[in-house]
Q: 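One structure, as structure tokens, below. Some questions next.
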Protein chains: 2
Amino acid sequence: MVTISDVAHAAGVSKATVSYVLSGDPRITQATTLKVQHAIDELGYTVNHAARALSVRKTKTIGVVSPAFHGNYLSALFGLYVYLLSEEATKRGYDTLLIGENDGFEAMHEAWSSKKVDGFILMDVKDEDPRVSYAAKEHIPTVAFGSPKNSYGLDTVDSDFAKAASSILHFLASEGHKEVILIPWSHTIFDQGLGYAWRFLDSAIETAKRLDLKMHVEYPKDDDSDPSPLIEHALDTHTKATALILHNEPATIVAPQVLARRNLRTPDDLQVVTVFPKQLATSMKISFSAVRPDIAQLSEAAVGALLRRINNPKAQTVTRYLDYPLTQEPE
Amino acid sequence: MVTISDVAHAAGVSKATVSYVLSGDPRITQATTLKVQHAIDELGYTVNHAARALSVRKTKTIGVVSPAFHGNYLSALFGLYVYLLSEEATKRGYDTLLIGENDGFEAMHEAWSSKKVDGFILMDVKDEDPRVSYAAKEHIPTVAFGSPKNSYGLDTVDSDFAKAASSILHFLASEGHKEVILIPWSHTIFDQGLGYAWRFLDSAIETAKRLDLKMHVEYPKDDDSDPSPLIEHALDTHTKATALILHNEPATIVAPQVLARRNLRTPDDLQVVTVFPKQLATSMKISFSAVRPDIAQLSEAAVGALLRRINNPKAQTVTRYLDYPLTQEPE
DNA sequence: CTGAAAGCGCTTACAG
DNA sequence: CTGAAAGCGCTTACAG
């Protein structure tokens with residue numbers, strides 16, 4: 001293996017000088033820089049990550065902490081988040097360590113105390129999430145990706161689900177709808193205190209009231225069983241409803257089949273509006289009118305917030321709810 | 001931060017002894033082990049990962065190398081693979097570093113030469129994949145997750161897609177079908193030389209011939225556009241076909257809507273068979289008869305093969321194609 | 001059965 | 001402008 005000593009020797013300088021060249025120290029002459037660069041290229045040298053990490057006490061690695069499946073249900077969005085988070089981290093010179101966490105913070109603690117990472121991004125944050133309180137108590141650079149009621153002073157990034165609900169209802173009202181159905185996330189999700197579910201629902205209810213829209217809320221019990229019967233039932237029961245709001249991934253996935261089966265066309269027979277990320281709508285062939293969060297942008301915000309925190313642990317806490325417009329389909 | 005010296009001091013022994021206790025060296029008395037354990041618990045000590053890695057030249061980390069999106073298309077399976085691979089690695093005492101790779105091996109090379117990982121798992125391996133030849137040439141412990149034509153001596157793990165195709169056709173023949181439609185992966189995928197596409201198709205064609213089944217193959221052009229029209233067209237054209245084989249993720253996702261729209265019921269009006277992993281069929285509400293690869297098991301095999309290789313670089317090359325039965329739906 | 005010491009490959013004050 | 005040396009926190013022959 002080629003080390004810094006080899007490079008130093010080949011270039012006829014000291015290890016210190018090589019190191020300074022590597023870090024672009026302005027005190028080094030261009031002449032020596034060139035010599036050293038040449039030796040580096042010649043030998044194919046790369047800094048040993050562990051050695052550097054040990055020396056500078058930074059790993060340039062962020063931990064992405066994902067909770068386990070919700071029951072058997074794995075959101076199709078999970079992969080997208082992980083992928084884009086990691087891509088964004090790479091852009092900023094960081095690596096991404098995947099940390100699976102099962103309703104606790106043991107794995108996080110292990111990674112932190114052994115100094116494997118410089119900070120964390122917590123996915124799918126819940127109310128009273130043990131990961132949040134742990135990170136806050138230990139003053140670990142951490143951003144909560146999601147919106148718990150209490151973030152204990154952690155930086156927070158999420159889509160603005162309250163705004164999304166309000167946009168959707170305003171849109172429906174402006175189109176003249178008077179009675180609508182909302183299929184929100186399941187009880188399982190609400191019971192876990194997942195902010196995106198609550199924030200959307202609360203805002204939807206309030207906005208509907210304010211706009212004098214009649215809204216029927218039909219909750220699925222869980223996320224494992226087929227939501228089709230629930231949709232069918234809702235349509236059968238609320239026959240005057242002219243629009244269907246889906247804030248529920250499984251329901252959004254099956255909705256097209258249900259509509260096809262009933263021979264309903266969108267938006268003429270029934271207006272359907274959902275919340276589904278831009279990047280996945282294509283892959284999953286979801287073509288309803290929707291508020292489309294941009295996961296790449298959310299990832300950028302999350303990673304940005306984390307690096308800012310890592311570089312300045314006592315910076316002011318930041319909370320960012322990113323807002324996405326409703327796009328109509330077909331356009 | 002608490003270091004091994006702190007523990008040694010607190011326990012009244014040397015650093016070496018603490019280290020030996022940590023590694024369970026049998027030469028250490030139970031008495032001292034107890035003393036040291038106590039100090040460790042007291043102080044909340046955890047081994048510094050970089051220091052250990054630097055010393056032993058092993059990181060206990062595996063790199064999972066994922067290619068970029070295929071165009072705009074992100075397989076919903078991606079998240080599942082990453083998740084289960086990481087879970088399996090954790091079980092075996094390894095961390096998972098995510099490495100995004102864009103049609104080359106630069107990121108891999110960077111991770112390897114800076115000693116960030118002990119080996120790699122390559123996702124979505126293609127024919128003439130530069131990652132494969134790189135790993136082979138540099139003798140880097142690596143397993144190819146997927147089946148390229150030439151694996152250059154790398155260990156390989158994949159579902160047995162040839163077997164899957166043959167199971168499906170035998171099943172259809174046994175049910176009395178004489179004429180069937182196959183929608184395989186898109187040209188984009190075939191052109192990239194993705195083994196799962198080729199192996200399935202070749203085997204399907206050969207088996208159909210042997211069983212005297214008439215099979216119409218209808219290729220989608222790419223994976224971004226809606227495959228529904230293609231399915232519609234296939235059904236319109238091949239009116240005598242009584243079964244539809246889907247080996248294409250987007251087509252599998254939209255098929256239920258297409259069938260619903262045409263008022264076709266499965267399996268009475270049209271038998272539909274697909275290949276879709278167990279763990280995702282539920283989430284994605286795919287309930288066709290199918291060969292269901294078990295991604296947890298595949299991940300276990302991949303991680304197992306990699307650790308074996310890491311621990312024994314000159315072990316015999318292993319190629320494992322895991323075989324999954326066809327399960328009928330409804331049962 | 002345990003400890004002193006060297007070494008892993010870097011970085012960074014500090015001298016000069 | 002550059003180098004010698006200490007230090008980051010471990011592990012592991014080697015002595016005893």
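Quick note: numbers below take in every heavy atom, side chains included, and nothing from hydrogens, waters or symmetry partners. Proteins come first, then strands; the chains are lettered A, B, ... in the order of their sequence lines, and each starts at number 1.
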Q: Could you tell me whether B:Asp118 and B:Lys60 have a side-chain N and a carboxylate O separated by less than 4.0 Å?
A: no
Q: Atom CG of A:Asp25 to atom P of D:dG3: distance rounded to whole Å?
A: 13 Å
Q: Verify whether one side chain among A:Asp155 and A:Thr317 offers a donor that lies under 3.5 Å from an acceptor in the other.
A: no
Q: Does this structure show an ion pair linking A:Asp103 with A:Arg131, if we count only N-O contacts that are shorter than 4.0 Å?
A: no
Q: Tell me the interatomic distance from A:Arg27, atom CZ, to C:dA15, atom P, rounded to whole angstroms.
A: 14 Å
Q: Got a donor-acceptor contact below 3.5 angstrom from the B:Ser113 side chain to the B:His109 backbone?
A: yes
Q: Just by distance, with hydrogens left out, do A:Glu128 and A:Tyr152 show a side-chain donor and acceptor under 3.5 Å apart?
A: yes
Q: Represent DNA chain C in dot-bracket notation, 5' to 3'. Only Watson-Crick or G-U wobble pairs with both distances under 3.5 Å count; pseudoknot-style crossings use [ ] and interstrand partners use |.
A: |||.||||||||.|||
Q: Using only atom types and a distance under 3.5 Å, with no angle test, would you say the side chain of B:Arg92 pairs donor to acceptor with the backbone of B:Glu300?
A: no
Q: Establish, yes or no, whether a centroid distance under 6.0 Å links the rings of A:Tyr81 and A:Phe145.
A: yes
Q: With a 4.0 Å cut-off, would you call B:Lys116 and B:Glu110 a salt bridge?
A: yes
Q: For nucleotides 9-12 of chain D, give me every protein contact, N/O to N/O, under 3.5 Å, one pair per line with atom names.
A:
unit_1, atom_1, unit_2, atom_2, d
D:dG9, OP1, A:Arg57, NH2, 2.8
D:dG9, N2, B:Ala51, O, 3.3
D:dC10, OP1, B:Tyr45, OH, 3.0
D:dC10, OP1, B:Asn48, N, 3.4
D:dC10, OP2, B:Ile4, N, 2.6
D:dC10, O5', B:Tyr45, OH, 3.0
D:dC10, O2, B:Ser55, OG, 3.4
D:dC10, N4, B:Lys15, NZ, 3.1
D:dT11, OP1, B:Arg52, NE, 2.7
D:dT11, OP1, B:Arg52, NH2, 2.8
D:dT11, OP2, B:Ser19, OG, 2.6
D:dT11, O4', B:Ser55, OG, 2.7

